[in-house]
Visitor: 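Pasting in a structure now, in structure tokens, and then I'll have a few things to ask.
Proteins get letters first, then strands, A, B, ... in listed order; numbering begins at 1 in each. The shown structure was predicted, so the numbers you read here are calculated from the model rather than taken from an experiment.
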Amino acid sequence: MKKYNPKKIEPKWRKEWEEMDVFRARDKSKKIKCYLLVEFPYPSGEGLHVGHCRGYVALDILARKKRMQGFNVLFPMGWDAFGLPTENFAVKVGIHPAIVTKRNTANFKRQEKKLGLSFDWLREIKTTDPDYYKWTQWIFLQLFKKGLAYKIKMPINWCPSCKIGLANEEVVEGKCERCGYNAVRKEREQWMLKITKYAERLIQDLELVDYPERVKIAQKEWIGKSEGWEVEFKIPNLLNSALLQKSGGKLKIPVFTTRADTLFGCTYLVLAPENPLIEQLKDKIINYKFVEQYIKESKKKIEKERLSESREKTGIELKGIKAINPVNNREIPIFVADYVLMSYGTGAIMAVPGHDQRDFDFAKKYNLPIIDVIKPTEKPTEIRVSIVKPYRNQGLSKAYEGEGVLINSGRFTGMKSEDARERITEWLIKKGLAKKATHYKLRDWIFSRQRYWGEPIPMIKCEKCGWQSVSEKDLPIKLPKVKEYRPSETGESPLAKAEKWVKTNCPKCGTLAKRETDVMPNWAGSNWYYLRYCDPKNDKKLAGDNLLKKWMPVDWYNGGMEHTTLHLLYSRFIYKFLWDIGAVPKSVGPEPYKKRTSHGIILGGGGIKMSKSRGNVVNPDEVIKNYGADTLRIYEMFMGPFEQMIPWDTKGVKGARRFLEKTWWLKEKTNNSKQITDNKELECLIHKTIKKVGDDIESLKFNTAVSALMILANELDKQEEISLVHYLLFLTLLSPFAPHITEELWERAGLKGFCCQQKWPKYDEKLIKQETINLIVQINGKVRDKIEIKAGISEEGVKDIVLKSKKMIKWIENKEIKKIIFVPDKLINFVL
RNA sequence: GCCCGGGUGGUGGAAAGGUAUACACGCAACACUUAAAAUGUUGUGAGCUUUCAAGCUCGUGUGGGUUCGAUUCCCACCCCGGGCACCA
């Protein structure tokens, strides 16, 4: 037999599979469906990364195994091809983004094919294809119709380098996520999506899905639900004033709190600089000039900067007005400070310096009264207990934020804080001064990008009629060809310069109107792509009901940990919306992905992140050239736990290749008779391996699955002669991991058909049980001996054997046996 | 600060509360070879005793606890990685 030469055999089998259409998902098959999904990649210029391969190979193994088990598997692939890097690259080298994209996807596809991934390529989709983004635009129209898309002038995070508006999620440490440039604040009209309307359901429905606990936690925290109360603080100067009348009696300050039990300790209020109340009250504010100045300063800073810049709090009092604490009618001052956010709660807080560290810091700085109203129940500190006077300005350097018993709280004094917040609010609600409220950290989603390479937002602005949606029959609104796709200095989308394209007629009144020139963000296309795979060629609907019913929901979705809070949340939101409006049949259920897993990233040598600048990027092409695709697959699965991040080790690749070499040469030892050589031990090992490999694949423990296959190969290698049956079993088990070599060996063993189309072997529970067992003998829990016995011997029997053995006599002699612990077929422990 | 991971040989890692270090890498010795590579065989946690056959002690970040028995469960702490961060 000739040497193992992956360069020759791998292309051969890929061609055969393709010609025989082996991996096609059958729309009409009666077999049970299994929809396995990997995140479709953004086809960057750098090409496929070994990190991509890890997730793809893992689900490919699963797909191959499921097919062998008789499932009708849908395992598709596509391209999330709109996006900034492509556009930036295009700007840099002066080639149109469409051409760059075409080139990059071709390269990705070539690389993926070389890995032997069993995708159904007939379902390939591309988000930049008008036939695809027609439906992305259609979804936007539906959102608009239902009032979930709206345009609003708002301060956005602006990257002066990319000249683009950024979502909060895209600003990392005050910097643009892509280029690292400092983001600034800029007012712009932006399309927004009301994801906040779905906040509650996005939390609740996590109960229905099988995601890793940490992913669920991350999503919940991102949404950030907190339940509390809105409490009203009146402004006494305004009671009966003309201003109050003008506003219809609405001029009061609502405040959101989860700690209503600390209300008696509230000594001032703080408003966010953007709070519109300040503007409304400006006639009453004596020092409005200074206040205005402060607001101007803080507006310049982007939000993240404002929060992280320094812990030192700043603010200014609104002189001339006061608020009234509803629990004790005490007059308290009002401040503006930028540590309070307009985007959370009501844009105003009640400050309780005794029991909130931020308020405490602020109160210290501006010398405001601090009142303790909660006494810790456990470990009472002497200062806390001794407080009698309501005011305290010196002493403690920290606020007590825990629970306890109320003090200085009128008739609520002595009550437990947990109960007090209910009681106090009940009382206030009766008086009409409070109501229950729930707030979320999650904000609406900025959906406009002032760029070229994205889906045009299908909206028209008419001077008379306002924003009008494009008629559905006019979709897709194709991205026009422009000469200049660089973003303009004004921050307007490059599409604004495509005058002919911009000019259109109002769908309502027919007069001259303008198209929206903003495009959608990256996420738009990836929100719903898994639906399109079910019916990729449909031109009547985003996907037909019957096919959605057939394939959805996704049974298993694997992707990167970095997408847990963005893509995963966004796509669940859009899915729910589509389900609500009936674009997805009701029977599919409210969640798109039944199960989600994520792979750990692959680090470069030395445990640092792979990056071009560090020069430690491993290119899969190189590995395949030197070792073969099967080796790469085996190594990536063997390197360590799937969900854990792990450094790449070139030496480790060798081990994977050696294993395949060994597999190759096992063929030489195989006899051609169907007779099974009588070898109980080997038989047992084989059945154990069948069980182990099968179970491990299902629970993503690929590393131990490969290890089990290696053990079996080593054992087979020790045999004088291997019977064909055993050999074929081994090949079948190995086939999902190393599909090319097993196919070749299958053929060389003189068998017809494909190895990858064999039935997945079943194990025999009876054969797994060993006949003889190494039983552990312990004295006081320490291993003193191992004895070989027949399986199934009773405690008495084992005891007899042990007590007679010379080795054990010296331990047990002259000592009293207090207790014996016996685990059948495993262990006996003598307690002396 | 908070929330998630994770600390096991020289390295990646394996262990339903029951033989700690499977499997692989690396290293060492030997075999094959003119030689090297490749391959194969053997050894490989630390320390001690030693009649060379083995035996003992210690060992899974640290300190306690539960248990006949803990890498695994509980409590406290230390270190590393990731995420979130003035969210009222």
Visitor: For the CH2 atom of A/Trp664 and the CD1 atom of A/Ile741, what is their distance to the nearest 0.5 Å?
Guide: 6.0 Å
Visitor: Starting at the 5' end of RNA chain B, which residue's closest nucleotide do you reach first, A/Thr258 or A/Ala708?
Guide: A/Ala708
Visitor: Could you identify the nucleotide paired to B/G26, looking across every strand shown and requiring Watson-Crick or G-U wobble geometry with both distances under 3.5 Å?
Guide: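 B/U44 - that is the nucleotide pairing with B/G26, both distances being under 3.5 Å.
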Visitor: Looking for any heavy atom pair under 4.0 Å, which part of the strands does A/Lys609 touch: base, sugar-phosphate only, or nothing?
Guide: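 If one applies the 4.0 Å heavy-atom cut-off, A/Lys609 turns out to touch nothing in the nucleic acid.
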Visitor: Once you apply a heavy-atom cut-off of 4.0 Å, does A/Asn714 come out as touching a base, just sugar-phosphate, or nothing?
Guide: sugar-phosphate
Visitor: Is the ring centre of A/Phe362 less than 6.0 Å from the ring centre of A/Phe335?
Guide: yes
Visitor: Heavy atoms only, 4.0 Å cut-off, all strands: where does A/Lys818 land among base, sugar-phosphate and nothing?
Guide: nothing
Visitor: Check the distance between B/C87's P and A/Lys441's NZ and give it to me in whole angstrom.
Guide: 8 Å
Visitor: Remember a base hit wins even if backbone is also touched, and classify A/Asp356 as base, sugar-phosphate or nothing at under 4.0 Å, heavy atoms.
Guide: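 No contact.
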Visitor: Hey, what do you get for CD1 (A/Ile828) to CD1 (A/Ile779), rounding to the nearest 0.5 Å?
Guide: 9.0 Å
Visitor: Could you identify the nucleotide paired to B/C2, looking across every strand shown and requiring Watson-Crick or G-U wobble geometry with both distances under 3.5 Å?
Guide: B/G83
Visitor: For the side chain of A/Thr704, counting heavy atoms from C-beta on, which of B/G18, B/A24, B/A15 is nearest?
Guide: B/A15
Visitor: So what's B/A54 paired with, Watson-Crick or G-U wobble, going by both distances under 3.5 Å?
Guide: B/U49
Visitor: Categorize A/Met561 for me: base, sugar-phosphate, or nothing, with a 4.0 angstrom heavy-atom threshold over every strand shown.
Guide: nothing
Visitor: Just so I know, are the side chains of A/Tyr570 and A/Ile195 near enough to count as touching, which here means a heavy-atom distance under 4.5 Å?
Guide: yes
Visitor: In Watson-Crick or G-U wobble terms, both distances under 3.5 Å, what is the partner of B/C68?
Guide: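 B/G18 - that is the nucleotide pairing with B/C68, both distances being under 3.5 Å.
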Visitor: If you only use heavy atoms from C-beta on, which nucleotide in B/G13, B/C58, B/G18 is closest to the side chain of A/Gln644?
Guide: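 Within the option list, the nearest is B/G13.
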Visitor: What nucleotide, of B/A16, B/A24, B/C68, holds the atom closest to the side chain of A/Lys826?
Guide: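 The answer is B/A16.
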Visitor: Go ahead and name the base partner of B/C77; Watson-Crick or wobble counts if both distances stay under 3.5 Å, otherwise write none.
Guide: B/G61
Visitor: From the options B/G13, B/A88, B/A22, select the nucleotide whose nearest atom is closest to the side chain of A/Ser707.
Guide: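 The listed nucleotide nearest to A/Ser707's side chain is B/A22.
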Visitor: Measure from the side-chain heavy atoms of A/Val831 and tell me the nearest of B/A88, B/C68, B/G13.
Guide: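 Taking heavy atoms from C-beta onward, the closest nucleotide is B/C68.
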Visitor: Using side-chain heavy atoms (C-beta onward) and a distance below 4.5 Å, is A/Tyr339 in contact with A/Asp361?
Guide: no
Visitor: Record whether the side chain of A/Glu221 comes under 3.5 Å of the base of B/G83 through a donor-acceptor pair of N or O atoms.
Guide: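 Absent.
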Visitor: More 5' along RNA chain B: A/Met710 or A/Ile821, using each one's nearest nucleotide?
Guide: A/Met710
